[in-house]
Student: 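Would you mind keeping the following structure in view while I ask a few things?
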2 protein chains.
Amino acid sequence: MSEGGDEAYPRGGLAHRVPDLGALELLLAVARLGSLGRAARELGITQPAASSRIRSMERQLGVALVDRSPRGSRLTDAGALVTDWARRIMEAAEAFDAGAQALRGRRDSRLRVAASMTIAEYLLPGWLIALRALRPDTAVSLLAGNSAAVAERLLADEADLGFVEGLSLPAGLDGAVVAHDRLIVVTAPGHPWARRRGPLSAGELASTPLILREEGSGTRQVLNAALGGLARPLLELSSTTAVKASAVSGAGPAVLSELAVGEELASRRLVSVPVEGVRLDRELRAVWRTGHRPTGPGRELLGLTRG
Amino acid sequence: MSEGGDEAYPRGGLAHRVPDLGALELLLAVARLGSLGRAARELGITQPAASSRIRSMERQLGVALVDRSPRGSRLTDAGALVTDWARRIMEAAEAFDAGAQALRGRRDSRLRVAASMTIAEYLLPGWLIALRALRPDTAVSLLAGNSAAVAERLLADEADLGFVEGLSLPAGLDGAVVAHDRLIVVTAPGHPWARRRGPLSAGELASTPLILREEGSGTRQVLNAALGGLARPLLELSSTTAVKASAVSGAGPAVLSELAVGEELASRRLVSVPVEGVRLDRELRAVWRTGHRPTGPGRELLGLTRG
DNA sequence: TGGGGGCATAAGCTGTCCTTATGAGCGAGG
DNA sequence: CCTCGCTCATAAGGACAGCTTATGCCCCCA
């Protein structure tokens, strides 16, 4: 009765419980600039719009985010925390944007990149953000495919720079290693393997049912090759996220690319289990047509990946 | 002339170039379920709404995302990539939601947590997500503050479980180490320090101007303590993101929490420089009132953090 | 040859977010 | 002392995005 109607939080998807990207962007601007009005101006809206938007975000979250004063606005303690979490979302959005922009593949792009999936998914967006910071006017186009497709594009001079994962270099191409994609075995911290003394042997790994991506996926292929046979699936899931979620909830050990679980390892939601006697390393290479080492923006991007 | 008007991408903030969270959520559902209609039903909207929303997302991005057929919809190659990137955004949004929900701090929460900033910012959301997976009905409330405030809450029995960073345990509390917050020195891959043979000495670090958070920040305090004096700032910035961005763009070496740069290290936008002779490690502890080791949901959460 | 699942289109409604216009608190300077 | 300049809040109106219902077409299968 006396308990108004705002107790229960909104049902429905995440999107109804998390402020939209525009609101988060505004919050970050307020945090940085110290005033609603200045933040509004920076985003090209009016001060009342900003005021109302922040207010409705506070209502949605049920938390006061900014201390308003006649001399500006500062974040509350809770606001600082929310802002930090919001920043993570915006960083992911920035990566999305960088990738999507390249994917749009305008024909007038100054740099045409062809990349394999793992690289395009995990690494390229970060590189593109860095490249954008360095050379804001470089338009990049991206084509994603397997190693053979990447090689084909390069040889047909339809791409300036490629990225492939795999052991050998396709014919007609030169390359340089830019990163390593290491498959790792992970479990929830409560799993017996998390407390092992010594590393896992190849035999143990091969004989234990694992949470895996579906047959045919890249990581599954690498794992099969490394084990010299077929890995035994405990669960077969169609997305890396699903695999991670299962592992976190303790369903069993999973095998995943190291690139996919950085966050979970850092927060100890997952623990890495050492393995010996198996080559789970895979080299990720930048490649180009023999004798056509990239110049201009391609060289720039290459520099970002190799240091 | 002949080039319509959709060549230039929309001006304005990221929010105008990245689909909103609802659209991304829908895309993930389509990817998972293989049909627009099923995805619509899962999200509680109608099939035409889903159809139109996906279509406008494709228009916004300038890329076909799904192959529609009379027998369902599957992602295109580009769509799979976009979906992967979208998943990262949604994961960050999930962490935001978990944190914000706890921050709302309803009085009927079954588990009251008090945590220091670093932990609340980087680790706690992940733990809360894991806890939610394990015990969906556990309502958690979060209060963030410094170590003294956390101790005070616990001693006043206003919190069931605390998390503090620091060397010593406040009086009246028991605790257990759950993680380590290590400050690391990072540079852009092009920086001379990235190619060093041996580790950096404390003296070199102390005498080199660094990109740092502002005086008074937690990381700055730890750094000063470790160096036994004052670090020399090359730039003083007020957010971790700004520090990272400066370092990535090559402005100089920066000192940051390892937790803040996982992604950048993995993609080699930043490189970690080893340091010797300095204790940049800081232990992160779970704490509780002496003799009141948490039970129920608190024990559960503790288990997630310690394995 | 229906029936059912899939998707697309059209028309109408609603709510959100923007704008402009205005007012009120606080501090600095003539 | 008063006014200017900055801050934020409120009110009223308009534009647009996204939802719904209603429909149609396509394909497969029984």
Side-chain angles (χ1 to χ4, degrees), chain A residues 5-6 10-61 64-76 79 86, chain B residues 5-6 9-62 64-76 79 86:
Chain A
D6 61 349
R11 278 276 113 245
L14 261 186
H16 299 281
R17 299 198 300 272
V18 177
D20 64 63
L21 297 175
L24 299 179
E25 198 168 19
L26 175 61
L27 179 63
L28 295 185
V30 171
R32 185 157 35 82
L33 301 173
S35 137
L36 296 186
R38 258 198 292 281
R41 238 166 296 143
E42 178 173 271
L43 299 187
I45 62 177
T46 59
Q47 172 267 318
S51 176
S52 134
R53 214 159 180 195
I54 294 283
R55 187 168 295 284
S56 61
M57 179 160 44
E58 290 178 315
R59 215 162 347 112
Q60 179 183 18
L61 298 179
L65 300 174
V66 302
D67 266 337
R68 296 136 172 97
S69 90
R71 233 168 30 275
S73 295
R74 289 201 59 69
L75 294 177
T76 62
Chain B
D6 61 350
Y9 55 81
R11 277 278 114 244
L14 260 187
H16 295 115
R17 300 198 300 271
V18 176
D20 63 64
L21 297 175
L24 298 179
E25 198 168 20
L26 174 61
L27 179 64
L28 295 185
V30 171
R32 183 157 36 82
L33 301 173
S35 140
L36 296 187
R38 259 197 292 281
R41 237 166 297 143
E42 177 171 274
L43 299 188
I45 61 177
T46 60
Q47 172 268 318
S51 176
S52 134
R53 208 153 185 202
I54 293 283
R55 186 168 296 283
S56 61
M57 179 161 42
E58 289 178 314
R59 216 164 344 115
Q60 179 183 20
L61 298 178
L65 300 174
V66 303
D67 266 337
R68 295 132 171 101
S69 89
R71 237 171 24 276
S73 294
R74 290 202 60 69
L75 293 177
T76 62

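Heavy-atom basis, side chains included; hydrogens, waters and symmetry copies ignored. In what follows, chains carry the letters A, B, and so on, assigned in the order in which the sequence lines appear, proteins first and then strands, with residues in each chain numbered from 1. What you see is a predicted model, and the numbers here were worked out from it, not measured in a lab.
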Student: Roughly how many Å is it from CZ in A/Arg41 to C1' in C/dT19, rounded to a whole number?
Tutor: 16 Å
Student: Could you pull out the closest heavy-atom pair between B/Ala86 and B/Leu24, with the gap in Å?
Tutor: CB-CD2, 3.8 Å
Student: Whole Å only: how far is the CD atom of A/Glu58 from the C1' atom of D/dC8?
Tutor: 12 Å
Student: Heavy atoms only, 4.0 Å cut-off, all strands: where does A/Arg74 land among base, sugar-phosphate and nothing?
Tutor: nothing
Student: To the nearest angstrom, how far is A/Arg59 atom CZ from D/dT10 atom C1'?
Tutor: 13 Å
Student: In whole angstrom, give the distance that lies between atom CD of B/Gln47 and atom P of C/dG4.
Tutor: 17 Å
Student: Would you classify B/Asp67 as touching base, sugar-phosphate or nothing, given that sugar-phosphate means primed atoms plus P, OP1 and OP2, and contacts are heavy atoms under 4.0 Å?
Tutor: nothing
Student: Taking CD1 from B/Ile54 and P from C/dG6, how many angstroms apart are they, rounded to a whole number?
Tutor: 15 Å
Student: What does A/Gly34 touch in the nucleic acid at a heavy-atom separation under 4.0 angstrom: a base, only the sugar-phosphate, or nothing?
Tutor: nothing
Student: Please determine, for the side chain of A/Leu36, which listed nucleotide (C/dT9, D/dA9, C/dG25) has the closest atom?
Tutor: D/dA9
Student: Counting only side-chain heavy atoms from C-beta out, which of C/dT9, D/dA9, D/dT7 sits nearest to A/Ser51?
Tutor: D/dA9
Student: At less than 4.0 Å, is any side-chain N or O atom of A/Thr46 found next to OP1 or OP2 of C/dT19? Yes or no.
Tutor: yes
Student: Judged by each residue's nearest nucleotide on DNA chain D, which is more toward the 5′ side, A/Gly72 or A/Pro48?
Tutor: A/Gly72
Student: Mind calculating the distance between CG (A/Leu43) and P (C/dC17) to the nearest angstrom?
Tutor: 15 Å
Student: Do other residues, nucleotides or ligands put more than 12 heavy atoms under 6.0 Å from the CZ atom of B/Arg74?
Tutor: no
Student: Using every non-hydrogen atom in the two residues, find where B/Ile45 and B/Ala50 come nearest and quote the distance to one decimal.
Tutor: CD1-N, 4.0 Å
Student: Are the side chain of B/Arg68 and the backbone N or O of B/Val66 linked by a donor-acceptor pair below 3.5 Å?
Tutor: yes
Student: Closest to the A/Arg55 side chain: D/dT10, C/dC26, D/dC19?
Tutor: D/dT10
Student: Just to confirm, is there a sub-4.0 Å distance from OP1 or OP2 of D/dC8 to any side-chain nitrogen or oxygen of A/Ser73?
Tutor: yes
Student: Consider the side chain of B/Ser35, meaning its heavy atoms from C-beta on, and name the nucleotide among D/dT20, C/dC18, C/dG6 that approaches it most closely.
Tutor: C/dG6
Student: Among C/dG25, C/dT19, D/dT20, find the nucleotide with the atom closest to the side chain of A/Ile45.
Tutor: C/dT19
Student: For D/dT7, does either OP1 or OP2 sit under 4.0 Å from a side-chain N or O belonging to A/Ser69?
Tutor: no
Student: Roughly, in whole Å, what's the span from CZ in A/Arg38 to P in D/dC6?
Tutor: 10 Å
Student: Could you give the CZ-to-C1' distance, from A/Arg68 to D/dT10, as a whole number of Å?
Tutor: 13 Å
Student: Check whether any side-chain N or O of A/Glu58 sits under 3.5 Å from a backbone N or O of A/Ala64 as a donor-acceptor pair, and report yes or no.
Tutor: no
Student: Which heavy-atom pair separates B/Met57 from B/Leu27 by the least distance, and what is that distance?
Tutor: CE-CB, 3.9 Å
Student: Look at the side-chain N and O atoms of B/Arg53 and state whether any lies under 4.0 Å from the OP1 or OP2 oxygen of C/dC7.
Tutor: no
